[in-house]
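In what follows, every chain begins at residue 1, and chains take the letters A, B, ... in the order their sequences are listed.
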Amino acid sequence: MSSLRSVAKHPIISLLDSATSLKRLKQIHAQLLINGTLNDPHLLGQFVATIAFNNPTNLSYSSLVLDQCDNPTLFTLNSLIRVYSKSSTPHKSFHFYKRIAESGNKVSPDNYTFNFLVRACAQILSRETGLLVHGSVIKHGFDNDPHVQSGLIFMYAEFGCLGYCHKVFEEIPEPDVVCQTAIISACAKCGDVVLARKMFDEMPERDPIAWNAMLAGYAQCGESREALNLFHLMQIEGVKLNEVSMVSVLSACTHLGALDQGRWAHVYIERNRLKMTVTLGTALIDMYAKCGNMNKAMEVFWAVKERNVYTWTSVIGGLAMNGAGDKSLELFSLMKKDGVCPNEVTFVSLLRGCSVVGLVEEGREHFDSMKTEYGIEPQLEHYGCLVDLYGRAGCLDEALNVINNMPMKPHAGAWGALLNACRMYKNMEMGELASRKIVELEAKNHGAYVLLSNIYADSYNWDRVSNVRQIMKAKGVKKLPGCSVIEVDGEVHEFFVGDKSQPRYDEIEIMLGEISRRLKLAGYVANTKPVLFDIEEEEKEDSLCKHSEKVAIAFGLISLKEGVPIRIVKNLRVCWDCHDVTMMISKIFNREIVVRDRNRFHHFKDGKCSCKGYW
DNA sequence: CACGACGGGG
């Protein structure tokens, strides 16, 4: 009897698996038509489904074959709904659903149909369609099918409708692990990780996928520490970790800038011989790049077997972030040579690369090529990059020109890029214009006020500085508290401005004094020019030596072995003074210091910084 | 004759 099975599967699938080109596919098709194999509607269905499944990026041929078929079976139509629901054109799933609906009573949808259809709705993010399909699910009586139920939860989570997710979930008398996992994932996706964790803890039994859902939930919400805690718990509980788990773990390390733990995760992956999927490889490269170890990122990049757009984009962006703009251009041409097509994100990274090294001409050319060569319409972010490109290079008029001529309404980011350039080149009038525009768009954008006050302070215009401050107070604009993170022995330490709760605060204080003393000996005069806007009034006096990154550096100096680079991640941009001071510390203490800023890296060594004042 | 060849969560 087992031969029956293999006979049914054998002829088509094995043939199609070897058909990599369209030409070969057509040959096989012709051959099957001649020998009559495709007269059997079931085999024809299998044929269509298999080519669709094997060529997810090019589904046109399978639809073509189907269109030539008078009476497709439900199996065939379901298969096509399924592959289209996962494709880049999920709305086409409905084309096949229509064929079912309009077939009279020849074929009627089943639970499979609705499972795939619900996922197509989730993909196209259309609530109206989703609700309509949900209605059909109920009408056809498939709302009891666990596959459809988990699909509905997934769909409503994609829509951000957590209430509907709960509604669906509560109507399931005895939800299985899959539905429970779906609801946990939905809670996390919609921003309620606490509830997700509660439901996770209440699960009668958790399989590895449920653990991964919780882990990914934390990682995606930016609850990186919780993600790492859960990762450790998983090891204690003996949960089997796989490549999917490690993507979340690496992402958490990336967020925190926790290079040691990231390295540890890398070792874990190798020791357990986890499958190095493209996603995992990219996560690993991204981790090294965003934790400031670009050399290692490149090493992994060349070592991985498979590289897709994400992989290339990650490395191009990493190089840009680390100030190696010329290198990111190089990688971009290699990527094209490799036959990988850039997407809109690739161009954001590439343009940033041009920007950090001042390659205005090249940047402009690449910007133009987006549309002409790749048919990608530049989006807001790309115009923002272009403004930044001109602005950083000192071409302020050109930058303003970009804003005035962009085809859509300029967003706060575009004006922000201009404002930053105005700060760099001390252009007060244009800076005022830019900040006014930003505040019009986003009344509570604290960054605009901070930059504007920096411009005023830079020209000793204290009246206007205090004026900005008053406006902020009146409007209730809160600045983001500065926070720096440093990892020591695999433990992540956070420092906020004026936070004295650290257990080793006394030692830190002593070290800060020591730094101060040695800086003065080296001829450093405190830079009181910038009135530091990211701190509270009360702390203003000793603010200059208490900025969170300085405290973190002091902590690094007392707790890390000599010769070990100090790596800091900051949630804001480094201020001028901290930048100066850090350069000097790197020389005086003969220490490499790597700071990950809000938008780029600063590698301090021998009194110099890799950004060369460009930030 | 009618079975079976598509499903779910990270």
Is [X] salt-bridged to [Y], cutoff N-O under 4.0 Å?
X      : Y      : result
A/E494 : A/R225 : yes
A/K189 : A/E158 : yes
A/K167 : A/E171 : no
A/D597 : A/R600 : no

Strictly below 4.0 Å, heavy-atom distances to any atom of DNA chain B: list the hits from [range], or just say none.
range                       : answer
residues 224-256 of chain A : A/N242, A/V244
residues 181-201 of chain A : A/T181, A/S185
residues 127-148 of chain A : A/D145, A/P146, A/H147
residues 203-217 of chain A : A/D207, A/I209, A/N212, A/A213, A/A216
residues 153-176 of chain A : A/F154, A/D176

Looking at A/R82, does any N or O in its side chain come under 4.0 Å of the phosphate oxygens OP1/OP2 on B/dG8? no
Using whole Å, what does the distance between atom [atom2] of nucleotide [N] and atom [atom1] of [X] come to?
X      : N      : atom1 : atom2 : value
A/N78  : B/dA5  : CG    : P     : 14 Å
A/F116 : B/dC6  : CZ    : P     : 9 Å
A/R119 : B/dG9  : CZ    : C1'   : 8 Å
A/I81  : B/dC6  : CD1   : P     : 16 Å
A/D110 : B/dG8  : CG    : P     : 14 Å
A/L280 : B/dG10 : CG    : C1'   : 14 Å
A/Y84  : B/dG7  : OH    : C1'   : 19 Å

Test ring pair (Phe, Tyr, Trp, His ring centres under 6.0 Å) applied to A/Y164 - qualifying residues, sequence neighbours left out: A/Y156
For A/S85 and A/P90, work out which heavy atoms get closest and say how close. O-CB, 3.9 Å
Given 3.5 Å as the limit, does a donor-acceptor pair link the side chain of A/H232 with the main chain of A/L228, or not? yes
Check for a donor-acceptor pair, side chain of A/R596 on one end and backbone N or O of A/K290 on the other, with a separation under 3.5 Å. yes
Could you check whether [Y] and [X], counting side-chain N and O atoms only, form a donor-acceptor pair closer than 3.5 Å?
X      : Y      : result
A/D110 : A/N78  : yes
A/Y288 : A/R263 : no
A/S251 : A/T254 : no
A/Y112 : A/H147 : no

Stepwise, does the side-chain hydrogen bond (donor to acceptor under 3.5 Å, both in side chains) test hold for A/T311 with A/S314? CA-CA 5 Å; A/T311 323; A/S314 169; over 6 Å; no
Suppose we call two aromatic rings close when their centres sit under 6.0 Å apart. Are A/Y97 and A/Y84 close by that rule? no
Any chance the rings of A/F332 and A/W312 have centres within less than 6.0 Å? no
Trace of the side chain to side chain contact (heavy atoms under 4.5 Å, CB included) decision for A/D286 with A/L250: CA-CA 9 Å; A/D286 202 48; A/L250 285 170; over 6 Å; no
